[in-house]
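Below: the structure, in structure tokens.
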Amino acid sequence: MRLSKRITNLTAGGSDGWDVFRRARAMEDAGKPVINLTLGDHDIPTDPDILDAMHEAALDGNTGYPLVPGADELRDAIAERVTERTGVPTTRANVVVMPGGQGALFAAHAATCDHGDTALFVEPYYATYPGSVRGIGAIPKTVPARPEFDFQPQPQDIRDAVDLRTRSLLINTPHNPTGVVYSRETLEGIAEVMKERNLWLISDEVYDTQVWEGEHLSPRALPGMAERTLVIGSLSKSHAMTGSRVGWIVGPEDAIEHLINLSTHTTYGLPAYIQDAAIYALEEGGEIEEDISERFRQRRETALAILERSDNFVTVPSQGAMYLMLDIRKTGLTGEAFANALLDTELVGVMPGESFGASAAGHIRIALTVDEEQLTEALNRLVRFAEAEARAA
Ligand code: PLP
């Protein structure tokens, strides 16, 4: 039977850029001692106290249909957190709970773009961005963020990408895959273009608790932006709750009302006992959250200390998120060739920059998602490999 183009074209046919990841997994399954730094999933399990809250809520009978927009207490807790962190007055009416940041990304595009409209996003990008746009029938189009500008997108590049049917721009800061945090200047430049061209800004801030240098600024807090910004948030990274699928959108009240309507017709909300665990995480989980970001902060420091020893690559400014990006062009290899050869010779899995878009060609991404001992071992192997390659070049 024929399936819709919308679903069969989600990944646009070709390679989805995850070949090295799949090879690393297959080698692990075959019993090889691979250290896998490809995937952005937490190695840290969800805290038992959060799981207890979930368990108790379920045993107490909170197993029926949930409130579709999210429980009042959860929306209030999110609104309070956003108000505190950004200074933008935010209430329950500005918040809808979504199944993860991913569900929120899809819904935000459904809310802003019609069939055939253009949705912009910055490249290099998180793997699901183009599919999230195609999935709602819009046309994905990239705006490059180049290494020579430390991967900070430039306003003129956004202007150049805007066409008559452009409705939105999706940005992500702190940024996956580069680890860059967008500066105030970058965000003000983006905000100007959004206002000038009357566009929606979809701001993916799922790494907002992982900032190692400088500070995270939510562009919703810039003048004139609250009415045209949909912020994507999630507990996945902040509370090591990737499997619980708790995310949200913060935005203008009328947009939120329509997004709630969308949830009624798609997900029908998030399991109520998981929402109770999310309330616990937000209200009682401050220490848990800090402990998680502290672990990544330490891993990043350990990693940078090892990587500094080599002059065969340059580390992209590492300011946030659980990733490091290395420019490996000095070795004479492409990111893909480097990642494949590193996996074969040293049994270390990293993502080729090319997987995230052309601007990250000649780079690799390292996910800091293993413990310090394994990370140290993997990076020592990586330094050794790069030296051998540079000697042979
Ligand atoms: N946005 C970015 C940039 C990500 O890296 C991820 C996950 O890795 C997500 C969104 C989705 O996160 P979740 O759906 O787990 O909230």
Side-chain angles (χ1 to χ4, degrees), residues 3-4 6-8 10-11 41 46 50-51 53-55 57-58 61-79 81-82 90-115 119 126-138 168 170 172 200 202-206 229-282:
L3 290 164
S4 75
R6 180 177 292 149
I7 199 159
T8 51
L10 264 185
T11 55
D41 197 1
T46 303
I50 298 178
L51 295 177
M54 193 183 298
H55 187 69
N62 203 1
T63 52
Y65 283 123
L67 277 179
V68 173
D72 290 351
E73 218 182 324
L74 178 54
R75 291 168 81 202
D76 287 345
I78 295 166
R81 180 180 173 95
V82 170
T90 304
T91 71
R92 184 191 299 174
N94 300 112
V95 179
V96 57
V97 172
M98 286 275 153
Q102 183 54 47
L105 281 166
F106 188 88
H109 283 97
T112 51
C113 297
D114 280 315
H115 188 88
Y126 173 54
T128 68
Y129 282 4
S132 304
V133 172
R134 284 191 203 100
I136 57 105
S168 62
L170 165 60
N172 166 225
W200 280 98
I202 301 174
S203 180
D204 179 345
E205 302 178 23
V206 301
T229 304
L230 298 177
V231 177
I232 310 293
S234 166
L235 293 186
S236 286
K237 315 290 177 180
S238 59
H239 290 75
M241 289 179 72
T242 51
S244 295
R245 314 305 305 131
V246 182
W248 57 82
I249 299 178
V250 171
E253 285 185 27
D254 58 337
I256 296 298
E257 266 173 40
H258 288 290
L259 281 159
I260 292 168
N261 203 7
L262 179 67
S263 289
T264 305
H265 294 88
T266 51
T267 60
Y268 215 85
L270 207 70
Y273 49 90
I274 293 183
Q275 295 197 46
D276 282 345
I279 294 165
Y280 177 88
L282 286 173

Problem - Crowding at OH, Y280 (>12 non-hydrogen neighbours, <6.0 Å) - result: yes
Exercise for the section: To the nearest 0.5 Å, tell me how far I279 CD1 sits from D76 CG. Expected result: 9.0 Å
Handout entry: Validation row: W200, L230 side chains within 4.5 angstrom (heavy atoms)
Key = yes
Handout entry: N/O donor-acceptor pair under 3.5 Å between D276 side chain and M54 backbone
Key = no
Problem - Interatomic spacing from CZ in F106 to CG in L262 - rounded to 0.5 Å - result: 8.0 Å
Problem - Donor-acceptor contact below 3.5 Å, side chain S234 vs main chain G100 - result: no
Practice task
Would you check if Q275 and S244 make a side-chain contact, meaning some heavy-atom pair closer than 4.5 Å?
Solution key: no
Practice task
Please step through side chain to side chain contact (heavy atoms under 4.5 Å, CB included) for the pair V96 and W248, ending with a clear verdict.
Solution key: CA-CA 6 Å; V96 57; W248 57 82; over 6 Å; no
Handout entry: Heavy-atom check, side chain of T112 versus side chain of I202, under 4.5 Å
Key = yes
Handout entry: D204 side chain vs V206 backbone, donor-acceptor pair below 3.5 Å
Key = yes
Problem - Heavy-atom closest pair, residues R6 and R134 - result: CG-O, 3.7 Å
Fill in the blank from the handout: What one should report as the nearest heavy-atom pair of A277 and A53 is CA-CB, 4.2 Å
Problem - Euclidean distance, I249 CD1 relative to I232 CD1, rounded to 0.5 Å - result: 4.5 Å
Problem - Nearest-0.5 Å distance, CD1 of residue I78 to OG1 of residue T91 - result: 12.0 Å
Exercise for the section: Can you measure from CG (L74) to CG (L270) and round to the nearest 0.5 angstrom? Expected result: 8.0 Å
Problem - Stepwise side chain to side chain contact (heavy atoms under 4.5 Å, CB included) check, H258 with S263 - result: CA-CA 9 Å; H258 288 290; S263 289; over 6 Å; no
Practice task
Run the numbers on S132 and Q102 for side-chain hydrogen bond (donor to acceptor under 3.5 Å, both in side chains), then give the verdict.
Solution key: CA-CA 8 Å; S132 304; Q102 183 54 47; 3.0 Å; yes
Exercise for the section: Please report the closest heavy-atom contact between A107 and L259, naming both atoms and the distance. Expected result: O-CD2, 3.4 Å
Practice task
Would you mind reporting whether C113 and I136 have side-chain heavy atoms less than 4.5 Å apart?
Solution key: yes
Practice task
Flag the pair N94 / R92 as yes when at least one side-chain heavy-atom distance between them is below 4.5 Å, and no otherwise.
Solution key: no
Completion exercise
Distance col, row T229:OG1 vs E205:CD, nearest 0.5 angstrom, shows 9.0 Å
Exercise for the section: Assess whether side chain to side chain contact (heavy atoms under 4.5 Å, CB included) is satisfied between L170 and V133, documenting all intermediate values. Expected result: CA-CA 10 Å; L170 165 60; V133 172; 5.8 Å; no
Problem - Min side-chain heavy-atom separation R75-V97 under 4.5 Å - result: yes
Exercise for the section: Apply the test side chain to side chain contact (heavy atoms under 4.5 Å, CB included) to residues I256 and V95: give CA-CA distance (whole Å), side-chain angles for both, the deciding distance (0.1 Å), then the verdict. Expected result: CA-CA 7 Å; I256 296 298; V95 179; 5.9 Å; no
Exercise for the section: Find out whether I274 and R245 are in side-chain contact, i.e. whether some heavy atom of one side chain is under 4.5 Å from a heavy atom of the other. Expected result: no
Exercise for the section: Indicate the atoms forming the closest heavy-atom contact of S236 with T242, along with that distance. Expected result: OG-CA, 3.5 Å
Practice task
Kindly indicate whether the side chain of M241, heavy atoms from C-beta on, has any atom under 4.5 Å from the side chain of I50.
Solution key: yes
Fill in the blank from the handout: Nearest heavy-atom contact between A71 and L67 is CA-CD1, 4.2 Å
Exercise for the section: Grab the two heavy atoms, one from H109 and one from S168, that are nearest each other, plus how far apart they are. Expected result: CD2-OG, 4.1 Å
